[in-house]
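Have a look at the structure below before the remarks.
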Amino acid sequence: MIGCYDFCGHYEWTFAWFEAEGGHELVRDYWVEGISRDSQQHARELILSQGFAGMRAYWGHTLDHEAAGYAIHANEEVFRIDMHECPSKGFLIHNGLVQYRDYCDHCMGWIGPMMQDAGFVVDHEHNHCGQCWWEIRREESTAGPSEAGQLAGTTDVRLRPGWQTPSSPHDLYRRATDPDDKCPPLPPSS
Amino acid sequence: MNEEPSVALPYRDTKPQGAADFYLAINATFRFILNRLGQDGLQRYWSDLGCRYYAPVSQRWQTGGTEGIAQYWRAFFDAEPGSDVKVVQSDREVRLEVKVCPAIAHLRRQNREIVTCFCEHCYFVSEAMAAPAGFTVRVQGGNGSCTQRFLPTDAITPPQNLEDITRASLS
């Protein structure tokens, strides 16, 4: 039997299997059709029908269940997540599992299309070490991402020691809903 | 249930059990592969997963024999929420008596359409794990409860008949 205890391990392995079978397009299609529209249909139903309230209902429940170290801040303009200890990436790091070139892409791979369908855009950054932040706004909003600490105070992951590590370049998204819409790489010291 | 995950598991988490909602993703993954790559593609996925991802388990079974197989499955089901499984070990065989399959039970609770060949993954994945260790697997039943036998490959037993594996459904 394939279990849920080590799910993140065989999930990450599966990305590499798809890429070998059908290239990058098959991996993208899996995130949209298999994960976003099928597996996570409960998230989709909440967020498409309730917007920010649905995000709070979904992520509060899910991240509690995954025992994540995270913070959520929301107002009528933006929904922000600061992930300090991603349980999923943490499992892979802890067990030395690396089959796919960028595991963290899967989050934008399934969340991005869901947000697009719900009428939201995403500012997002991850450091490939189990830390990331998300700011989700309505697509008609013209606001850009907040300054570090502005929305989340001391729980802003960008203020965390070790957020910037020279050996692990960050991926950055601006008003995105597609996992391939990454901004050009930032210099490590920025 | 043990508080600390067992060393019998090759990949270990900091929490004692997994999150049951991941069964939704496992079922959805099977459906996606079935739709895109057909039954042959899905069986190839299961076999590749057993051969490659679970290679560390096969290696332990190779050295540990039936003891290693039994230890693995006891630890495995301890870490799967909602399972009710008895692991019976003898000199020549390990038998899993699955009274409550945690995946099927959760998919039903969540009212998710279950891929009808869902239970076949237990045969294809386990067979790929067992073969390098000199064992073979036979599955009887499914759709929430089944018996899985891990036998030496030289045991005189008919090949797995996939019709012996019950199709999965919401009821």
Side-chain angles (χ1 to χ4, degrees), chain A residues 1-18 20-23 25-45 58 61-69 85-88 90-97 99-100 106 110 130, chain B residues 5 9-33 35-37 41 44-46 48-50 52-54 56 73 75-83 85 96 98 101-103 106 110 112-113 118-119 121-123 125-126 139 146 148:
Chain A
M1 181 184 167
I2 302 171
C4 69
Y5 174 75
D6 65 334
F7 172 79
C8 300
H10 51 78
Y11 183 51
E12 191 262 356
W13 181 92
T14 296
F15 302 164
W17 191 85
F18 279 133
E21 284 282 321
E25 283 304 308
L26 191 62
V27 183
R28 286 173 53 96
D29 289 352
Y30 169 61
W31 290 333
V32 176
E33 294 172 27
I35 303 303
S36 187
R37 293 188 182 142
D38 188 345
S39 169
Q40 302 308 100
Q41 59 186 261
H42 51 301
R44 188 167 268 272
E45 287 166 8
Y58 172 71
H61 167 85
T62 297
L63 296 177
D64 280 347
H65 272 233
E66 292 185 36
E85 294 178 36
C86 173
S88 180
F91 179 89
L92 300 177
I93 293 170
H94 179 69
N95 288 286
L97 293 171
Q99 294 296 321
Y100 186 66
H106 87 97
W110 77 266
Chain B
L9 299 176
Y11 310 119
R12 300 178 67 195
D13 206 347
T14 53
K15 56 186 184 299
Q17 288 196 322
D21 273 0
F22 287 140
Y23 295 131
L24 310 180
I26 292 170
N27 181 54
T29 299
F30 295 172
R31 182 165 22 250
F32 177 79
I33 297 172
N35 289 341
R36 288 302 190 94
L37 304 173
R44 189 171 65 255
Y45 169 73
W46 289 334
D48 287 348
L49 192 66
R52 300 178 196 170
Y53 175 75
Y54 288 111
W73 287 116
F76 177 92
F77 285 109
D78 272 353
E80 296 299 309
S83 64
V85 178
L96 312 183
V98 181
C101 169
H106 189 72
Q110 298 299 313
R112 292 298 175 94
E113 181 184 351
F118 186 93
C119 298
H121 91 266
C122 284
Y123 167 69
V125 174
S126 289
V139 177
C146 69
Q148 302 180 25

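Below, read A as the first sequence line, B as the second, and so on, with proteins coming before strands; counting in each chain starts at 1.
Side-chain polar atoms of Y45(B) and T14(A) form a donor-acceptor pair below 3.5 angstrom.
Note on G90(A), G34(A), G3(A), G96(A): by heavy-atom pairs under 4.5 Å with chain B, the leading option is G3(A). Listed options V98(B), D48(B), L37(B), V125(B) were ranked by heavy-atom pairs under 4.5 angstrom with chain A; first place goes to D48(B).
Here the shortest heavy-atom pairing between H10(A) and Y54(B) reads CD2-OH, 3.7 Å. Among all heavy-atom pairs drawn from N95(A) and P10(B), the shortest one is OD1-O, 4.0 Å. Across W17(A) and R52(B), no two heavy atoms sit closer than the pair CD1-NH1, 4.3 Å.
Of the inter-residue distances, the one linking I33(B) atom CD1 with E21(A) atom CD reads 8.5 Å to the nearest 0.5 angstrom. Note that the OG1 atom of T29(B) and the OH atom of Y11(A) stand 7.5 Å from one another [nearest 0.5 Å]. Note that the SG atom of C119(B) and the CE atom of M1(A) stand 9.5 Å from one another [nearest 0.5 Å].
Annotation: Y23(B) is not in aromatic contact with F7(A) [ring centroid separation under 6.0 Å not met].
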Go through the steps for D6(A) and Y53(B) under the test side-chain hydrogen bond (donor to acceptor under 3.5 Å, both in side chains), then give the verdict. CA-CA 11 Å; D6(A) 65 334; Y53(B) 175 75; 2.8 Å; yes

Given the rule in the side-chain contact (heavy atoms from CB on, under 4.5 Å) test, do R36(B) and Y30(A) qualify, once you have shown the distances and angles that lead to the verdict? CA-CA 10 Å; R36(B) 288 302 190 94; Y30(A) 169 61; over 6 Å; no

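In this view, F30(B) and W46(B), F118(B), H121(B) satisfy the ring-ring contact (aromatic ring centres under 6.0 Å, His included) rule, not counting sequence neighbours. Residues passing the salt bridge (Lys or Arg N to Asp or Glu O under 4.0 Å) test with E12(A), sequence neighbours excluded: none.
Residue R112(B) touches chain A through its side chain alone, counting heavy-atom pairs closer than 4.5 Å. For F18(A), the part lying near chain B is the side chain, with the backbone staying farther off; criterion is any non-hydrogen pair under 4.5 Å. With a 4.5 angstrom heavy-atom cutoff, H94(A) touches chain B only via side-chain atoms. Looking at L26(A), the atoms closer than 4.5 Å to chain B (heavy atoms on both sides) sit in the backbone and in the side chain alike. The contact between Q41(A) and chain B is made by backbone and side chain atoms together, counting heavy-atom distances below 4.5 Å.
Surrounding CD of E113(B) are at most 12 heavy atoms belonging to other residues, nucleotides or ligands under 6.0 Å away.
No side-chain heavy atom of E33(A) sits less than 4.5 Å from a side-chain heavy atom of N35(B). By the 4.5 Å heavy-atom criterion applied to side chains, Y5(A) and Q17(B) are not counted as neighbours. Within the 4.5 Å cutoff, side-chain heavy atoms of Y11(B) are placed close to those of L97(A). With a 4.5 Å cut-off on side-chain heavy atoms, C4(A) and H106(B) do not count as touching. Side-chain contact between C8(A) and F22(B): present, with at least one pair of heavy atoms (C-beta onward) separated by less than 4.5 Å. The shortest side-chain heavy-atom distance between R12(B) and F91(A) does not fall under the 4.5 Å cut-off. Using a 4.5 Å cut-off on side-chain heavy atoms (C-beta onward), L49(B) and I2(A) make contact.
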